[in-house]
Amino acid sequence: MLDALKDELLSMVNAAADLPALDEVRVNALGKKGRITGFMKELGGLSPEERKERGQALNALKDEIAAALDARKADLASAHLKARLEAERVDVTLPVRPETEGRIHPISQTMDEMVAIFAEMGFAVAEGPDIEDDFHNFTALNFPPGHPARDMHDTFYLPDAGDKKMLLRTHTSPVQVRTMLNQKPPIRIIAPGRTYRSDYDMTHTPMFHQIEGLVIDEATNMGHLKGCLVEFCRAFFDVDDLPLRFRPSFFPFTEPSAEVDIGCSRKGGELKLGNYGDWLEILGCGMVHPNVLEACGIDSTKYQGFAFGMGVERVAMLKYGIPDLRTFFEADLRWLKHYGFVPLDIPNIAQGLTR
Ligand code: DAH
């Protein structure tokens with residue numbers, strides 16, 4: 001009779017599909033009101049002989065069922081874990097799928113590339129506010145009050161608030177002023193950022209980007225300026241023999257001032273950069289004017305240096321063949337998918353700026 005019970009209980013144990021079902025089987029067999037427990041309780045009514053024999057048999061059965069329960073429990077637990085691991089599986093060897101992600105805007109990419117090149121030359125990145133005052137944007141940069149150069153900038157003035165005339169900065173040059181007022185030479189910074197002018201047509205948007213450069217120490221001269229810009233332009237446009245030409249120019253904050261052209265060809269209506277005999281203007285630069293140094297508390301008899309400023313959209317359009325400036329700010333996802341950059345390809349000199 002016990003053999004039949006044993007077979008029945010063992011097959012129940014093996015049939016239990018999960019841990020709660022298995023626990024039911026345990027209670028049914030070994031619980032207070034369980035079947036084996038019930039037989040145990042009957043032992044008292046037996047003769048000593050019978051009790052001993054029956055007791056041993058029941059204990060053996062109890063042990064065997066308990067062992068089967070444990071074994072089944074372990075099996076179910078590991079099956080459960082396996083199923084969970086399978087369901088929550090993460091393949092860490094899978095490559096990321098950049099095509100499903102967003103894109104880096106060509107302006108951000110271009111500024112990152114510029115920062116990477118100048119960082120390699122030892123420049124630090126400096127910042128200033130988009131909302132400036134007249135002093136930092138003009139006066140300290142040697143624009144005298146009423147000077148016509150102020151009008152050339154098509155400045156967005158903010159409504160009068162107190163004694164300071166506030167405006168949206170028309171160039172990144174005020175970051176030069178802020179840096180010189182806060183730092184002692186030697187100074188070597190670049191300042192990428194947003195700039196604003198009241199202008200809108202094929203080649204102008206009211207908000208655009210510039211990158212400013214400034215070096216101040218006791219010995220830096222115009223030769224260093226030229227070397228620095230040659231180095232930058234060749235690295236940025238990835239043209240080893242790209243020629244640069246300096247043309248005399250005027251900016252209130254530099255003396256002498258120059259505009260820089262790079263070599264190009266416009267044959268067949270196609271613009272190509274390189275040593276082809278034609279020229280394209282890309283930036284303004286010069287030696288920092290002594291008046292600017294003095295306005296920023298720097299002794300102009302001891303210190304000197306150079307500055308330059310460049311339009312980011314302009315060089316991005318040249319480098320990446322983007323024909324229309326206004327498309328930069330239309331927030332068209334199809335455009336961004338076409339001209340944008342993969343987020344994980346961070347520009348650096350060692351691996352190449354763009355891949
Ligand atoms: N701030 C000038 C502009 O927006 C660009 C510029 C020219 C910056 C010459 C400079 C510089 O630092 O030296 O037109």
Side-chain angles (χ1 to χ4, degrees), residues 111 114 118 121 123-130 132 134-144 147-156 167-181 187-199 203-217 220-230 232-233 244-262 281-293 295-296 298 300 303-315 325:
M111 292 203 293
M114 293 170 150
F118 285 115
M121 297 188 211
F123 284 78
V125 174
E127 286 184 316
D130 288 16
E132 266 296 2
D134 190 83
F135 173 78
H136 291 90
N137 196 80
F138 290 126
T139 308
L141 288 165
N142 199 34
F143 289 77
H147 191 280
R150 290 187 185 223
D151 304 334
M152 277 165 46
H153 277 209
D154 300 309
T155 312
F156 283 116
L167 48 84
L168 296 178
R169 66 179 180 190
T170 57
H171 49 178
T172 43
S173 304
V175 184
Q176 289 187 32
V177 176
R178 290 185 175 275
T179 305
M180 287 189 275
L181 285 169
I187 291 169
R188 198 184 288 168
I189 56 114
I190 48 164
R194 289 187 170 152
T195 48
Y196 306 82
R197 290 184 202 181
S198 179
D199 208 350
T203 51
H204 297 87
T205 49
M207 189 279 293
F208 57 104
H209 298 77
Q210 289 189 340
I211 187 165
E212 193 80 12
L214 175 71
V215 172
I216 303 290
D217 59 25
T220 290
N221 61 45
M222 204 138 176
H224 298 127
L225 168 62
K226 187 162 190 183
C228 172
L229 292 176
V230 166
F232 167 77
C233 290
L244 267 73
R245 176 173 84 172
F246 276 47
R247 273 183 297 107
S249 184
F250 172 81
F251 301 103
F253 36 90
T254 43
E255 181 58 35
S257 304
E259 255 154 346
V260 177
D261 300 337
I262 52 175
E281 182 196 323
I282 59 152
L283 64 91
C285 63
M287 299 304 293
V288 177
H289 198 293
N291 290 355
V292 175
L293 294 170
C296 299
I298 290 179
S300 64
Y303 295 105
Q304 61 185 42
F306 65 70
F308 57 85
M310 202 177 335
V312 178
E313 283 78 4
R314 187 168 165 72
V315 294
L325 170 70

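All heavy atoms count here, side chains included; hydrogens, waters and symmetry mates do not. Counting convention: from 1, in listed order, for ligands and their atoms alike. Numbers here are sequence positions counted from 1.
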Would you mind writing out a table of all protein N or O atoms found under 3.5 Å from any N or O atom of ligand 1, naming both atoms and giving the distance to 0.1 Å?
from, atom 1, to, atom 2, distance (Å)
ligand 1, 1 (N), H171, ND1, 2.9
ligand 1, 1 (N), S173, OG, 3.0
ligand 1, 4 (O), R197, NH2, 2.9
ligand 1, 4 (O), Q210, NE2, 2.9
ligand 1, 12 (O), Q176, NE2, 3.0
ligand 1, 12 (O), E212, OE2, 2.6
ligand 1, 12 (O), F308, N, 3.4
ligand 1, 12 (O), F308, O, 3.3
ligand 1, 13 (O), A307, O, 3.2

Could you pull out every donor-acceptor pair under 3.5 Å between side chains of residues 281-291 and any protein atom, sequence neighbours left out?
from, atom 1, to, atom 2, distance (Å)
H289, ND1, N291, N, 3.0
N291, ND2, N142, OD1, 3.1

Would you mind reporting whether F246 and V260 have side-chain heavy atoms less than 4.5 Å apart? yes
Hey, does M114 have a side-chain heavy atom less than 4.5 Å from the side chain of V315? yes
Residue set satisfying ring-ring contact (aromatic ring centres under 6.0 Å, His included) with Y196, at least two apart, ordered chain then number -> none
Inspect the surroundings of CZ in R247 and state if more than 12 heavy atoms from other residues, nucleotides or ligands are less than 6.0 Å away. yes
Taking only residues two or more places apart in sequence or in another chain, which ones pass ring-ring contact (aromatic ring centres under 6.0 Å, His included) with F308? F118
